[in-house]
Peer 1: 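My questions all concern the structure below.
Computed from a predicted structure; not experimentally measured.
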Amino acid sequence: MARREWSEQEEETLLENLMSPVDVGIWQNENGCFIPASFVVLETQMRASFPHGGITKFHIETKMKYWKATCFRLQDMLRISGFGWIENENRLAVENEVNRQFRNMRDMQFPMFN
């Protein structure tokens with residue numbers, strides 16, 4: 001399946017809707033993870049908000065995995081010397097001495113990671 005490009009509005013709506021399965025008590029299994037029924041609720045809500053968006057359970061699961069992986073990467077980087085967080089801009093502060101592979105992240109913003 002081809003990678004889906006999400007709009008900022010779609011991402012914000014998904015993030016807002018993540019509490020819905022929690023509110024109706026169908027969100028977690030014994031490991032504290034979302035259960036399949038949670039994704040059905042989210043898919044229904046996203047289709048109601050974006051009827052022509054074609055957002056499916058698969059897209060939602062993939063987006064949530066991406067967010068989780070990004071969050072863990074950010075946490076790991078913030079533990080390393082040479083990285084910081086600019087709170088009012090939601091972006092990494094990367095010192096010049098940091099490895100070249102991370103320099104491109106200096107200007108990258110993460111608006112959903114408050």
Peer 1: With a 4.0 Å cut-off on N to O distance, would you call Glu5 and Arg3 a salt bridge?
Peer 2: yes

Peer 1: Closest approach of Arg91 and Trp85, non-hydrogen atoms and distance?
Peer 2: O-CE3, 3.5 Å

Peer 1: Side-chain contact test, heavy atoms from C-beta onward, threshold under 4.5 Å: evaluate it for Glu43 versus Ile55 and give yes or no.
Peer 2: no

Peer 1: Regarding Glu61 and Lys65, does a basic nitrogen lie under 4.0 Å from an acidic carboxylate oxygen?
Peer 2: no

Peer 1: Identify which one of Arg47, His52, Met46 satisfies the side-chain contact (heavy atoms from CB on, under 4.5 Å) criterion when paired with Phe50.
Peer 2: Met46

Peer 1: In the structure I gave you, are the side-chain heavy atoms of Val41 and Thr44 within less than 4.5 Å of one another anywhere?
Peer 2: no

Peer 1: Report the C-alpha separation of Arg73 and Asp76 in whole Å, then their side-chain angles, then the decisive distance to 0.1 Å, and conclude whether the salt bridge (charged side-chain N to carboxylate O under 4.0 Å, His left out) test is met.
Peer 2: CA-CA 5 Å; Arg73 272 185 258 134; Asp76 288 344; over 6 Å; no

Peer 1: Counting only heavy atoms not in Gln9, do more than 12 sit closer than 6.0 Å to its CD atom?
Peer 2: no

Peer 1: Check whether any side-chain heavy atom of Met64 sits under 4.5 Å from a side-chain heavy atom of Leu42, and report yes or no.
Peer 2: yes

Peer 1: So Trp67 and Leu14, do their side chains get closer than 4.5 Å, heavy atoms only?
Peer 2: yes

Peer 1: Pairing donors with acceptors under 3.5 angstrom, does anything connect the side chains of His59 and Thr62?
Peer 2: no

Peer 1: Could you measure the distance from the CG atom of Asn90 to the CD1 atom of Ile86? Nearest 0.5 Å is fine.
Peer 2: 10.0 Å

Peer 1: Once rounded to the nearest 0.5 Å, what's the spacing between atom OG of Ser49 and atom CG of Asn17?
Peer 2: 5.5 Å

Peer 1: Rounded at 0.5 Å granularity, tell me how far CD in Glu10 sits from CG in Leu15.
Peer 2: 13.5 Å

